[in-house]
Amino acid sequence: MHHRTFISHLECSRSGERLPAGQVANLSPQGAPLLVRYDLDGARRELDKGTIHAGVGSMWRYAPLLPLSDPDNLVTLGEGLTPLIRANRLARRVGMRTLLVKDDGANPTGTFKARGMACAVSMAKELGARELAAPSAGNAGGALAAYAARAGLRAHVFMPRDVPRANIVECQVMGAQVTLVDGLISDCGRIVAQRATEEGWFEVSTLKEPYRIEGKKTMGLEIAEQLGWRLPDAIVYPTGGGVGMIGMWKAFEELGALGWIGEKRPKMIAVQASGCAPIVRAWKDGSAVSRYWNRAATLASGLRVPKAIGDFLVLQAVRESGGAAVAVTDGEILAAGRKLAEAEGIFVAPEGAAGVAAVEQLVRERFLGCDEEVLIYNTGTGLKYLDTWDAPSVPDGGGP
Ligand SMILES: *Cc1c(COP(=O)(O)O)cnc(C)c1O
């Protein structure tokens, strides 16, 4: 592993104000997410793609573009460098020439939340935090529990009572302190914020610390590397808090600054469930931020985020890229997931299945041409959702 990181400072995503790196940080003084900035000129002089390519077989091959200073603080279970699969049979079924599936179900803990938490927990360890806390719609909690255990730190996870059972059990078995809340992830978030202040816990809540974005940035770095340092025409991403979307967009910006990729950027397509689609509504309304979605309901628990703190960053990426935001119903999600599984042998989380349903919709509406190279990002394995996939059928509820 290349040991030197090119981190230079933290930056407020709203005002651009700079803060020093090397200390624990949550939101900026303006209350907005912080972004990690690097000395990309220095990195451009010293790094080359070949060295990265010869690196370790995990997301830590990109360590120079990640924030960790001392490799002794690395907390890893081998996350990242997941398969990029050419899905020809599925492509034919939806009327496309090329479909790619990036399968992050292959990560430790079975979801891409491992990327963000590996980075956040490594940094928490490096910066001296001892007890970590987060609200979770399920998978962030599992990943926090795993990496905290691996680091020898304590984890406190607050989850809605109705998250998939796998998420509760994995947290408990890995030794996290689990609190089930009668409410939504936003209610859990309020409780964590308050308890963290009282107890001196470090909050690793979505976008409330800067390093989960950096871990998820490796999604974009990997897509570029696995395609031979070029990008597809479109990336379809199931969007809850939007960290993955923000992370990938940041990755492309940094790769552009390094001169490792050309000018072309994919259309970034945010997929949400029709029972909770605040980003889609904001995109259609042309607003810069989303409004709280009342009575959020979908079986895709990772998408049940009624108001994301980084909504303006997601909407920015969608707009700058010429992308779109689309909603699909729970019924469409289930049908699409079965189609993908039967066609390709890839058993995905409902969130990943939403991406397949979105492609079908966008091909029908001719937003996507059948010759375009489209990448569907699968964020988790179907094995964590046996109850969902086992159900005979689901009534199509929800709507704006
Ligand atoms: C958390 C989660 C999402 C949403 O991720 P964001 O990056 O916060 O939008 C999607 N799918 C799964 C399986 C998740 O666990």
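Counting convention: from 1, in listed order, for ligands and their atoms alike.
- For Ala353, the side chain to side chain contact (heavy atoms under 4.5 Å, CB included) partners two or more places apart in sequence, or in a different chain, are Ile333, Val348, Trp389.
- Around ligand 1, the residues contributing at least one heavy atom under 4.0 Å from the ligand are Phe112, Lys113, Asn139, Lys216, Tyr237, Pro238, Thr239, Gly240, Gly241, Gly242, Val243, Gly244, Gly302, Glu351, Thr379, Tyr385.
- The side chain to side chain contact (heavy atoms under 4.5 Å, CB included) test applied to Asp103 returns Ile85, Ile346, Asn378, not counting sequence neighbours.
- Residues Tyr385 and Leu303 fall into different hydrophobic clusters, defined by Ile, Leu, Val, Met, Phe, Trp and Tyr side chains chained together at heavy-atom separations under 4.5 Å.
- Geometric assessment of Lys267 against the ring of Phe367 yields a positive cation-pi assignment under the 6.0 Å and 45° thresholds.
- With sequence neighbours left out, the side chain to side chain contact (heavy atoms under 4.5 Å, CB included) criterion links Ile309 to Leu27, Leu207, Lys208.
- With hydrogens and angles left out, the side-chain atoms of Trp249 and Gln316 include no donor and acceptor closer than 3.5 Å.
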